[in-house]
Amino acid sequence: MLSKIVRTTANQLIVFILIFGLYVIAHGQLTPGGGFQGGAVIVSGVVMLLVAFNAKELKKSLRESGLSIMESTGALIFAALAFAGIATTFFYNVLVGTPIFGHVPPTGANPGDVWTGGVVPLMNWAVGIKVVAGLSAVVLAMALFSSGEEMEE
Amino acid sequence: MRKVVGLILLLVLVGFLVWGVVALIHPFGYPSPSEMDDYIIDNAQAETSNNNVVASVVFDYRGFDTLGEATILFTAVTGVLLLLRTAKRKEDES
Amino acid sequence: MDYMPLNFPFLAAALLIGIAFFIIIFKRNLIKLIMGIAMMASGVNLFLVALGYRVGGNAPIYTNVPPGPMVLPVPQALTLTSIVISVAVLALMLTMVIRIYRHTGSLDSEKSRRMKG
C-alpha cells in the first residue's frame, strides 16, 4: 500500500477514468472507440487502484465470482445479439429503421446522433462489460498470486 | 553451431521481409485492390445506420471475427485463472 | 504528398519484425522472449495499418469528417481484433512464465525445456 497522498489521488482520479471509459464505450458508434477501447481504459483505472492500494484491499470489493458472472453475461448478450438476426443472416443488423438505436444518419459527413447504429451500440456495451470483467480478473489474479494470496472460488 | 544456424535463419527471414516490403507491395498510400473497402465506406451508413465505419466492420460485416476474438479472450481469461488457482492447490497438497 | 520512395512505413514494420525475430531466436530469458513476441505483434499491427493507408485520407468515421478520401476500414478492424488477441495471449504467456518460475526456480528456457510432469 502506497502513501496517503497516492491513495487519495487515486480515489479522486478513478471517477474521471470511469467516466471517460463509459463515454468511450457509449459513443462507440460516433467517435473513435468502442467496447474494447473503453474497457481497456476502465481496466487501466482498476490497475491504478491495484497499485495504489494492495490486492487484498481490492479483493474485498471485486470478487471473482461477480467478475466471471459479468464476463459470461457480456458474452451471452453478444451471442444473443448475433443470433437476433438469424432470420436473414448471422450478425444481421436487425435494429436498423426501428426507433431504438435505429435512426439512419444522412449519407456523408454529419454531426452525429446517439440513437444510430442498430445493434452496434448494444454489442459495444456487451463487449465492454466482457473486457472489463475479463481483464480485471486477470490482473487481480496475477496480483493476488504474486503476493501469496489466492483468489477464492 | 546453433548460433550460426540461428544467424542464417535470421538473415534469410529479414532479407525476405525487406525484399518483399521494398519490391513486392504496392507503394505506400496507394492500395491497389480496394473495391470491398470502397463498398463498405459508401454503404455502411445506409446499411448499418452507423457513422463509425470501423465499428460497423467489426460488429456487423465481420462479426464472425469478433465472435472468435471474444472466444479467445474468454478462453485466455479462463486459462489464466485456472493456471493460477490449481497451482496454489497443488502446492498445498504436496 | 506524392510517392514515398522505398515504402518507409512498411520498412519500419519489417525491421520491427526482424528485431523481434532476433530476440526470439537468440535470447534465452523467458521474459525477453515474451517481449519479443509482443514486439512482433506490434510490428504486424503497424504493417496492417500501413497497408490500408490512402494518401491524404481521413479516419473512416463520418462524424464531422472533413471532405476527402477515406482510409480503408477493414485493415483497421482486423488490427483491433489482433490487438485484443495479442493482449489475451500475452496474459496467458505471462501466467505460464510465473508457473515455470515457481516450478523450476529460473527463467532460463534451456532449463525449462527438460521439465517433466
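Computed from heavy atoms alone, side chains included, the values below leave out hydrogens, waters and symmetry copies. In what follows, chains are A, B, ... by sequence order, proteins preceding strands, each numbered from 1.
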Looking only at non-hydrogen atoms, find the nearest pair between A40(A) and V131(A) and report the distance.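 The answer is N-CG1, 4.2 Å.
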
Could you report the tightest heavy-atom contact between F53(A) and E57(A), atom names first, then the distance?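 Closest heavy-atom pair between F53(A) and E57(A): CB-CB, 4.2 Å.
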
Using non-hydrogen atoms only, which part of [X] is less than 4.5 Å away from chain B: side chain, backbone, both, or neither?
X       : result
V119(A) : neither
P106(A) : backbone
S68(A)  : neither
F36(A)  : side chain

Donor-acceptor contact below 3.5 Å, side chain [X] vs main chain [Y]:
X       : Y       : result
T66(B)  : F59(B)  : no
T116(A) : V104(A) : no
Q45(B)  : G108(A) : yes

Take atom [atom1] in [X]; do more than 12 heavy atoms of anything else shown fall under 6.0 Å from it?
X      : atom1 : answer
F90(A) : CZ    : yes
I5(A)  : CD1   : no
Y92(A) : OH    : no

Side chain, backbone, both or neither: which part of F64(B) has a non-hydrogen atom closer than 4.5 Å to chain A?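 Its backbone and side chain both get close to chain A.
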
Tell me, side chain or backbone of E47(B) under 4.5 Å from chain A's heavy atoms, or both, or neither?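 For E47(B), the backbone is the part near chain A, not the side chain.
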
Indicate yes or no: at least one non-hydrogen side-chain atom of D113(A) is less than 4.5 angstrom from one of P105(A).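 No, too far: nothing below the 4.5 Å cut-off.
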
Part of residues 70-80 of chain B lying next to chain A, heavy-atom separation under 4.5 Å: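 Residues A70(B), L73(B), F74(B), V77(B), V80(B) are the ones that qualify, each having a heavy atom under 4.5 Å from chain A.
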
